[in-house]
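So the structure is just underneath, and the comments pick up after that.
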There are 2 protein chains.
Amino acid sequence: MVYPSTITDIYAHPGISDADLESIFRAHVKVFFYKGDLILTEGQFSNAYYCLEKGLVRAFARNIDGKDITTGFFSKNEIVIEVASLFLRQPTRENIQALSDCECWMIGYEAFQELFEKIEGFTEWGRTWMSRALLANKQRSLSMITDSATNRYLSLRREQPEVLQVAPLKHIASYLGVTDSSLSRIRKEVAQMGR
Amino acid sequence: MVYPSTITDIYAHPGISDADLESIFRAHVKVFFYKGDLILTEGQFSNAYYCLEKGLVRAFARNIDGKDITTGFFSKNEIVIEVASLFLRQPTRENIQALSDCECWMIGYEAFQELFEKIEGFTEWGRTWMSRALLANKQRSLSMITDSATNRYLSLRREQPEVLQVAPLKHIASYLGVTDSSLSRIRKEVAQMGR
DNA sequence: AAAACTACTTGTCATAAGGCAAGAAATCAA
DNA sequence: TTGATTTCTTGCCTTATGACAAGTAGTTTT
């Protein structure tokens with residue numbers, strides 16, 4: 001049987017067989033979100049995660065002044081998830097929002113737990129996924145310290161170019177840790193450099 | 001049987017029974033490091049992690065100019081680990097160094113894998129640990145964006161006061177994302193505020 | 001005990017980014 | 001299609017932090 005490439009991509013792992021993949025796929029349900037929809041709101045308990053087949057999603061937190069800071073972007077074939085709330089069973093401090101119309105494969109916490117217990121290689125896969133997420137996060141903190149705002153912008157452009165196409169400047173700015181005025185200037189400067 | 005509190009602290013989890021804890025404890029070996037020792041060096045493969053019973057440890061990476069940036073401090077009863085190298089089986093880009101004489105309970109990758117396969121609740125425990133680590137990391141990135149250097153310093157003082165006692169200023173400075181001159185001034189300012 | 005380091009502080013000056021505000025351009029709503 | 005709202009740019013000025021360098025104090029080495 002053939003599964004959506006989003007599923008085969010995300011769950012690709014030596015310990016996961018074709019039969020496993022079938023059980024995994026069956027545990028997912030197709031869901032849609034529309035531009036602007038909040039997939040998760042602070043204070044809620046997260047109860048599922050989403051394999052993103054199409055669209056762009058962002059996570060954001062509020063700082064003390066109530067200003068929202070984008071903490072991450074999720075692109076095609078990535079898992080839209082709030083780990084802390086889902087796995088620590090606590091209310092989330094983050095919000096997750098669709099930045100464009102989205103198609104996802106959702107899996108609920110219960111179904112996930114079953115797979116986690118039943119499928120040998122699934123826990124391994126999970127650990128690997130977590131390790132990668134942790135690594136990515138560390139690199140982000142590091143780049144906040146060692147790179148200039150311009151370089152962080154260039155990295156984002158290199159690694160998630162679709163974000164620059166879809167997300168409004170203010171979300172990108174807060175993600176990069178600068179104001180929108182600054183990002184506007186950075187962008188101008190980069191455009192001139194390019195010539 | 002009674003185990004070191006470092007062990008009982010770190011492995012405290014509903015899914016882990018007393019019998020489990022015994023197997024877990026048996027898998028650890030006591031090791032010592034001395035001030036300045038490198039526990040892990042960039043380019044090496046990490047093959048173990050360490051439950052820190054006594055002492056202070058830091059992790060650091062090098063930026064493009066070769067300057068070292070402290071990426072984290074490990075205090076008593078925390079796990080000294082380089083997740084990316086240990087679980088993704090790849091050479092590490094980080095260094096881990098003892099900042100004072102240390103006592104640890106070490107567990108090797110093989111022994112860890114066995115526990116992971118044998119003990120039901122251990123995978124759960126691992127997932128929980130990873131989730132917390134991810135959360136902590138996210139909050140760090142966020143604070144690099146939303147807090148001033150002074151506030152980051154105050155947070156560190158609140159959350160890991162022992163770091164300020166033991167680590168030299170330059171390591172603290174690079175961890176906070178400022179130069180040592182700046183940290184020296186911040187510290188002065190904070191001391192004056194305190195009166 | 002002299003020499004060599006390392007840790008920390010302080011001064012001067014430079015610079016990246018922020019705060020605020022105005023205005024243009026694009027998008028959305030009625 | 002007109003008005004309202006959001007998005008983005010730009011200008012002026014301020015500010016936090018960096019770069020560099022000198023100097024003090026403490027520690028380690030020989």
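Side-chain atoms are counted along with the backbone in the values below, which use heavy atoms only and exclude waters and symmetry mates. What you see is a predicted model; the values in this text were computed from it and never measured. So that the names make sense, note that chain A is the first sequence line, chain B the second, and so on, each numbered from 1.
- Remark: side-chain polar atoms of A:T92 are paired, donor with acceptor, to backbone N or O of A:E94 under 3.5 angstrom.
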Please list each protein N or O that sits under 3.5 Å from an N or O in nucleotides 13-15 of chain D, with the distance.
none

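- For B:R127, the CZ atom is densely surrounded, since the number of other residues' heavy atoms within 6.0 Å is greater than 12.
- Between B:W129 and B:I79 there is a side-chain heavy-atom pair separated by less than 4.5 Å.
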B:L142 vs A:T71, side-chain contact (heavy atoms from CB on, under 4.5 Å): CA-CA, chis, key distance, verdict: CA-CA 7 Å; B:L142 195 57; A:T71 54; 3.8 Å; yes
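- Counting non-hydrogen atoms under 4.0 angstrom, A:G177 reaches the backbone sugars and phosphates but no base.
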Pairs under 3.5 angstrom only: tabulate donor-acceptor contacts from the side chains of residues 37-51 of chain B to other protein residues two or more places apart or in another chain.
{"residue": "B:D37", "atom": "OD2", "partner": "B:Y34", "partner atom": "N", "Å": "2.7"}
{"residue": "B:E42", "atom": "OE2", "partner": "B:R62", "partner atom": "NE", "Å": "2.6"}
{"residue": "B:E42", "atom": "OE2", "partner": "B:N95", "partner atom": "ND2", "Å": "3.2"}
{"residue": "B:Q44", "atom": "OE1", "partner": "B:T41", "partner atom": "N", "Å": "3.0"}
{"residue": "B:S46", "atom": "OG", "partner": "B:A48", "partner atom": "O", "Å": "3.4"}
{"residue": "B:N47", "atom": "OD1", "partner": "B:R89", "partner atom": "NH2", "Å": "3.2"}
{"residue": "B:Y49", "atom": "OH", "partner": "B:Y11", "partner atom": "OH", "Å": "2.7"}

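- Scanning all heavy atoms of the two residues, the minimum distance from A:N151 to A:D147 falls at CB-CB, 4.0 Å.
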Can you check nucleotides 19-29 of chain D for protein contacts, nitrogen or oxygen pairs under 3.5 Å, and list what you find?
none

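- At distances below 3.5 Å, not a single donor-acceptor pair connects side-chain atoms of A:S85 with backbone N or O atoms of A:E82.
- Defining each end axis of the helix from C:dA1-D:dT30 to C:dA30-D:dT1 as the rotation carrying four pairs' C1' atoms onto the next four, with five pairs an end, the two axes are found to diverge by 50° to 10 degrees.
- Looking only at distances, no side-chain donor or acceptor of A:S184 sits under 3.5 Å from a matching main-chain atom of A:D180.
- Around the CD atom of B:E120, the shell of radius 6.0 Å holds no more than 12 heavy atoms that belong to other residues, nucleotides or ligands.
- Heavy-atom distances to DNA chain C give each of A:D180 and B:L169 a nearest nucleotide, and the one nearer the 5′ end belongs to B:L169.
- In terms of the salt bridge (Lys or Arg N to Asp or Glu O under 4.0 Å) criterion, residue partners of B:D68 (sequence neighbours excluded) are, by chain and number, B:R58.
- In A:K35, the NZ atom is not crowded: 12 or fewer heavy atoms of neighbouring residues, nucleotides or ligands sit closer than 6.0 Å.
- Heavy-atom contacts of chain B under 4.0 Å fall on DNA chain C between two terminal nucleotides, which in 5' to 3' order are C:dA7 to C:dT12.
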